[in-house]
There are 2 protein chains.
Amino acid sequence: MAETRWLDDHEQRAWRAYLRMNTVLGAALARQLQSESMLSMPDFEVLVHLTDADDARIRVSELARVMRWEKSRLSHHLSRMEKRGLVGREECASDGRGAFIVLTDDGRAAIDAAAPSHVDAVRRYFFDAVTSDDVKSLAAIADRVIARVEATDTCPSV
Amino acid sequence: MAETRWLDDHEQRAWRAYLRMNTVLGAALARQLQSESMLSMPDFEVLVHLTDADDARIRVSELARVMRWEKSRLSHHLSRMEKRGLVGREECASDGRGAFIVLTDDGRAAIDAAAPSHVDAVRRYFFDAVTSDDVKSLAAIADRVIARVEATDTCPSV
DNA sequence: CTAACCTTGGTGACGTGTCAACTATTCCGG
DNA sequence: CCGGAATAGTTGACACGTCACCAAGGTTAG
């Protein structure tokens, strides 16, 4: 690794601002969701994907695939959500190894109650603070960075 | 909460891209740091701030303040780092409650070894993927979002 | 001086995330 | 049909973060 190219002042400042935005924005959204709906952000994501599924039921592996979560992480998280009554597990008739995750009535109620105020918070904290050109820029930046990371990093197919 | 203003397609796409960039970029940088230096990102942050401090020693509360970490989080993390020999704890003569955190030789060696390749990874994964205008845009976006969140959210002084 | 209060820092419990190892089932070549 | 490989999903150990609480030392009003 010859001659590290350190970050210049502009880069340093941008990088720190980006990291800090992640921190404070994530924390603010998590707090809002938690306090109004008793859901964490991961809970919310799982419920969203479950709502999207036909008949509000989905195989664990399929859920892991669309969420891009490790199966282990998903399994742990589903266990916790099941304990709280947000989702249920059902056996799969056609594959003895498989399991379906189903949205319970409580889970449905939770996501219905949480979604509007969560979107509102995203708008208040993020979209209301930036211009529509900013939104375009950010999408472009994110797309390029994602492509770069996924091209360079291992596991290109996940 | 009257009439939720849902995200339109552009916003939806930008928001998802932003979230995904956070995920993959954070994961890639964490993996790189871990595999080359046996340090986590939080480890790295702590060591950076410790290196910045006069005499590589700093009071716990001061460290928490500059890092904007909860004292509890910092205390837990320092315990783990101390167990690995990266930092040490010393009593404070002038305040019986206080404690100094000191950078050990191992800690110094770890950060010295980690920093160049970490910066390199930030460059490869992020700065090489975007233009210098993008960097300006992102800094501006982040500054505005941070200001917005901190103005709206509780705990303005943290 | 001393009682109320504040500050410093740590602890335990619990939710979350990753890794490696495991069980049970299905698939597939012979 | 059988035995090994692949797949589905779970589990346990451990790192990380937050919350609520606590212990011990300082600070200050009376």
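Side chains are part of it too, since the values below use all heavy atoms of this structure and drop only hydrogens, waters and symmetry mates. Quick note on labels: first sequence line is chain A, next is B, and so on, each numbered from 1.
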Participant: Can you find a side chain N or O atom of B:R84 that sits less than 4.0 Å from OP1 or OP2 on D:dA15?
Facilitator: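 False: B:R84 side-chain N/O out of range (4.0 Å or more) of D:dA15 OP1/OP2.
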Participant: Tell me, do A:R148 and A:T152 make a side-chain contact under 4.5 Å, heavy atoms counted?
Facilitator: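 Touching, per the 4.5 Å side-chain cut-off.
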Participant: Using a 4.0 Å cut-off on heavy atoms, which residues in residues 69-82 of chain B reach DNA chain D? List them by number, or say none.
Facilitator: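 Residues of residues 69-82 of chain B under 4.0 Å from DNA chain D: B:E70, B:S72, B:R73, B:H76, B:H77, B:R80.
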Participant: What is the distance, rounded to the nearest whole Å, between atom CG of B:L33 and atom P of D:dA15?
Facilitator: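 Answer to the nearest Å: 16 Å.
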Participant: Rounding to an integer number of Å, can you tell me how far A:L63 CG sits from D:dT7 C1'?
Facilitator: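 Taking atom C1' of D:dT7 as the reference, CG of A:L63 is at 17 Å.
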Participant: Taking the side chain as every heavy atom from C-beta outward, state whether B:D43 and B:H77 have any atom pair closer than 4.5 Å.
Facilitator: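 Answer yes - side chains close enough.
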Participant: In this structure, how many angstroms lie between the C1' atom of D:dA15 and the CE atom of B:M41, rounded?
Facilitator: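 To the nearest whole Å, that distance equals 15 Å.
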Participant: Distance check needed: D:dT7 C1' versus A:R65 CZ, whole Å only.
Facilitator: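 Taking CZ of A:R65 and C1' of D:dT7, I get 15 Å after rounding.
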Participant: Rounded to whole angstrom units, what separation is found between the CE atom of A:M38 and the P atom of C:dT16?
Facilitator: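 The distance from CE of A:M38 to P of C:dT16 comes to 11 Å, rounded to the nearest Å.
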Participant: Is there side-chain contact between A:L86 and A:L39, with heavy atoms separated by less than 4.5 Å?
Facilitator: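 The answer is yes; the side chains approach within 4.5 Å.
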Participant: Could you state the CG-P distance from A:L86 to C:dT16, rounded to the nearest angstrom?
Facilitator: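 Going from A:L86 (CG) to C:dT16 (P), I get 10 Å.
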Participant: Go through it in stages, so that I can follow the logic: the residues are A:S137 and A:D134, the test is side-chain hydrogen bond (donor to acceptor under 3.5 Å, both in side chains), and I'd like the CA-CA distance, side-chain angles, deciding distance and then a yes or no.
Facilitator: CA-CA 5 Å; A:S137 299; A:D134 287 339; 5.2 Å; no
Participant: For the side chain of B:S35 and the backbone of B:R31, is there at least one donor-acceptor N/O pair under 3.5 Å apart?
Facilitator: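 At least one qualifying donor-acceptor pair exists.
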Participant: Considering all heavy atoms of both residues, which atom of B:Y18 and which atom of A:A142 are nearest to each other, and what is their separation?
Facilitator: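 So the minimum-distance heavy-atom pair works out to N-CB, 4.0 Å.
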Participant: Of all the heavy-atom pairs spanning A:T104 and A:V87, show the shortest one and how long it is.
Facilitator: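 So the two residues come closest at CG2-C, 3.6 Å.
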Participant: Considering only heavy atoms from C-beta outward, does the side chain of B:R73 approach that of B:M67 to under 4.5 Å?
Facilitator: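 They are not in side-chain contact.
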Participant: In whole Å, I'd like the distance from the CZ atom of B:R68 to the P atom of D:dT18.
Facilitator: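 These atoms are roughly 15 Å apart.
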Participant: Which heavy atom of A:R13 sits nearest to which heavy atom of B:A139, and what is that distance?
Facilitator: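 Heavy-atom minimum between the residues: NH2-CB, 3.9 Å.
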Participant: Give the residues of residues 87-110 of chain B touching DNA chain D, defined as any heavy atom closer than 4.0 Å, sorted by residue number.
Facilitator: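 Close to the strand are B:D95, B:G96, B:R97.
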Participant: Between C:dG15 atom C1' and A:L39 atom CG, what is the distance in whole Å?
Facilitator: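 Computing the A:L39:CG to C:dG15:C1' distance gives 14 Å.
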